[in-house]
Amino acid sequence: MLLSDQAGRAAAPKIPRPATLRESVIEAIQELIVSGQLKPGQHLVESELAELLGVSRQPVREALQQLSTEGWVDLHPGQGAFVHTPTVEEADQLLAVRTLLETESARLAAQHAGEEGVRRLRALCRRGIEAVQSDDVDAAVTTNSELHALVTELSGNKVLAELAGQVARRVRWYHTPVARQRGMASWEEHTALIDAIERGDEERAAQIMREHTEHTRASYMERRENEPPEPAPKPVRRRRPRTPTTG
């Protein structure tokens, strides 16, 4: 029997929708950008991306259109698609928002984390320290993102977690170039943060997270000032062969 009343419709379970090919391609290209395999300003050739990802050009074309609306890719008529080069102002604004969100996450995590939450945080911190000691930048960046995501999860505020998740991948993009520069200092700050969360010291946890995220922000801004990004390379336009004339 069909559910016709409002209560019945509200109670109906939602069927999980599998990711479309376009969505999978979007995530794959984002990951290539975040990991630095695709550099800011780099020309994105549909056929090359399609071959790399093992798909046809159509989902790549659709993905690039979507990534353009989200600020990951710049589309230039007659030239093609390029990895977006974040401006200093864009980075500064996003990292400032990150500081606000994660400072509150840390404060709430000190209230709600519990023993199991602290155990999970310490396990991630150990992994991060090992990654730094072995100079595995990719592992350090990934573990850093996981630790920050867990702090937000442990805050118990779903809206806060959703907002933080929206900026997390772009934050990782900005963090990757300075991860080696931050080095062990970042993980010492993580350790102090976890200690404050374990004690339930809300104000101290918030203070440490605020200072921690500001250190990353300052490192990124310093790097941008010292190493200005190069302008996006322009693709070489292929000339059409001339049609031979008969005389």
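Source: prediction; values computed, not measured. For reference, positions follow the sequence shown, starting with 1.
Under a hydrophobic clustering in which Ile, Leu, Val, Met, Phe, Trp and Tyr are joined whenever their side-chain heavy atoms come within less than 4.5 Å, directly or via other members, Val45 and Leu38 fall into different clusters. Transitive grouping of hydrophobic side chains (ILVMFWY, heavy atoms separated by less than 4.5 Å) keeps Leu108 and Leu100 in distinct clusters. No continuous path of hydrophobic side-chain contacts links Leu95 to Val151 [ILVMFWY only; heavy atoms under 4.5 Å]. No chain of hydrophobic side-chain contacts below 4.5 Å, direct or via other Ile, Leu, Val, Met, Phe, Trp or Tyr residues, connects Leu101 to Ile197.
To the nearest 0.5 Å, the span separating CG on Leu150 from CG on Leu154 amounts to 4.0 Å. For the atom pair NE2 (His215) and CZ (Arg210), the distance works out to 12.0 Å, reported to the nearest 0.5 Å. Atoms CG and CZ, from Asp92 and Arg217 in turn, are 4.0 Å apart once rounded to the nearest 0.5 Å. Note that CG of Asp201 and CD of Gln207 are 9.0 Å apart. Values are rounded to the nearest 0.5 Å. Of the inter-residue distances, the one linking Gln65 atom CD with Ile26 atom CD1 reads 10.5 Å to the nearest 0.5 angstrom. Rounded to the nearest 0.5 Å, atoms CZ (Arg122) and CG (Leu124) are 12.0 Å apart.
Counted by atom type alone, Ser35 and Gln37 present one or more donor-acceptor pairs between their side chains at under 3.5 Å. Side-chain contact check for His76 and His43: no donor-acceptor pair (N or O, by modelled atom type) lies under 3.5 Å. Side-chain polar atoms of Asn157 and His112 form no donor-acceptor pair below 3.5 angstrom. Side chains of Ser155 and Ser105: a donor-acceptor N/O pair is absent below 3.5 angstrom, by distance only. For the residue pair Arg61/Gln58, the side-chain donor-acceptor check at 3.5 Å is satisfied. Between the side chains of Glu102 and Thr213, not a single donor N or O lies within less than 3.5 Å of an accepting N or O.
Contact record, Leu75 with Ala81: CD2-CB, 3.4 Å, taken as the closest heavy-atom pair. For the pair Leu121 and Ile194, the tightest heavy-atom approach, listed with the atom from each and the gap, is O-CD1, 3.5 Å. Here the shortest heavy-atom pairing between Gly183 and Val132 reads C-CG1, 4.1 Å. Across all non-hydrogen atoms, the minimal contact from Ala196 to Ile208 is CB-CD1, 4.2 Å. In terms of heavy-atom proximity, Cys125 sits nearest to Thr191 at SG-OG1, 3.4 Å. Between Trp187 and Ala140, the shortest heavy-atom distance links the atoms CZ2-O, 3.6 Å.
Within the 4.5 Å cutoff, the side chain of Val34 has heavy atoms near those of the Trp72 side chain. For the pair Leu52 and Glu48, the minimum side-chain heavy-atom distance is 4.5 Å or more. You'll find the side chain of Met209 reaches within 4.5 Å of the side chain of His148, heavy atoms only. Inter-residue side-chain proximity for Leu44 and Phe82 is flagged as unmet; no heavy-atom pair is nearer than 4.5 Å. Residues Arg120 and Glu116 have side chains in contact (heavy-atom distance under 4.5 Å, counting atoms from C-beta outward). The shortest distance between side-chain heavy atoms of Glu31 and Arg172 falls below 4.5 Å. Counting only heavy atoms from C-beta outward, the side chains of His212 and His190 approach each other to under 4.5 Å.
Under the 3.5 Å distance criterion, the side-chain polar atoms of Thr142 are matched with a main-chain donor or acceptor of Asp138.
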Mind listing the side-chain donor-acceptor pairs of residues 163-171 below 3.5 Å, one per line with the distance, residues two or more places apart or on another chain?
residue : atom : partner : partner atom : Å
Arg169  : NH1  : Gln30   : OE1          : 2.5
Arg170  : NH2  : Glu70   : O            : 2.7

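Only one option out of Thr20, Leu64, Leu21 pairs with Pro59 in a side-chain contact (heavy atoms from CB on, under 4.5 Å); it is Leu21.
Members clustered with Val141: Val137, by chain and number, using a 4.5 Å side-chain heavy-atom cutoff among hydrophobic residues.
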Could you check His84 against Val73 for side-chain contact (heavy atoms from CB on, under 4.5 Å), going step by step and ending with a plain yes or no? CA-CA 5 Å; His84 177 65; Val73 169; 5.8 Å; no
Assess the residue pair Glu188 and Met184 against the criterion (side-chain contact (heavy atoms from CB on, under 4.5 Å)); give the C-alpha distance rounded to whole Å, side-chain angles, the decisive distance to 0.1 Å, and a yes or no. CA-CA 6 Å; Glu188 291 171 353; Met184 194 60 73; 4.0 Å; yes
Evaluate Arg127 against Asp136 for salt bridge (Lys or Arg N to Asp or Glu O under 4.0 Å), listing each step before the verdict. CA-CA 11 Å; Arg127 275 175 46 196; Asp136 188 341; over 6 Å; no
Set out, in order, the CA-CA distance, both residues' side-chain angles and the distance that settles side-chain contact (heavy atoms from CB on, under 4.5 Å) for Arg204 and Arg199, then state yes or no. CA-CA 10 Å; Arg204 181 58 180 156; Arg199 295 194 306 270; 3.8 Å; yes
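Listed by chain and residue number, nothing satisfies the side-chain contact (heavy atoms from CB on, under 4.5 Å) test with Ala149 (two or more places apart in sequence, or in another chain).
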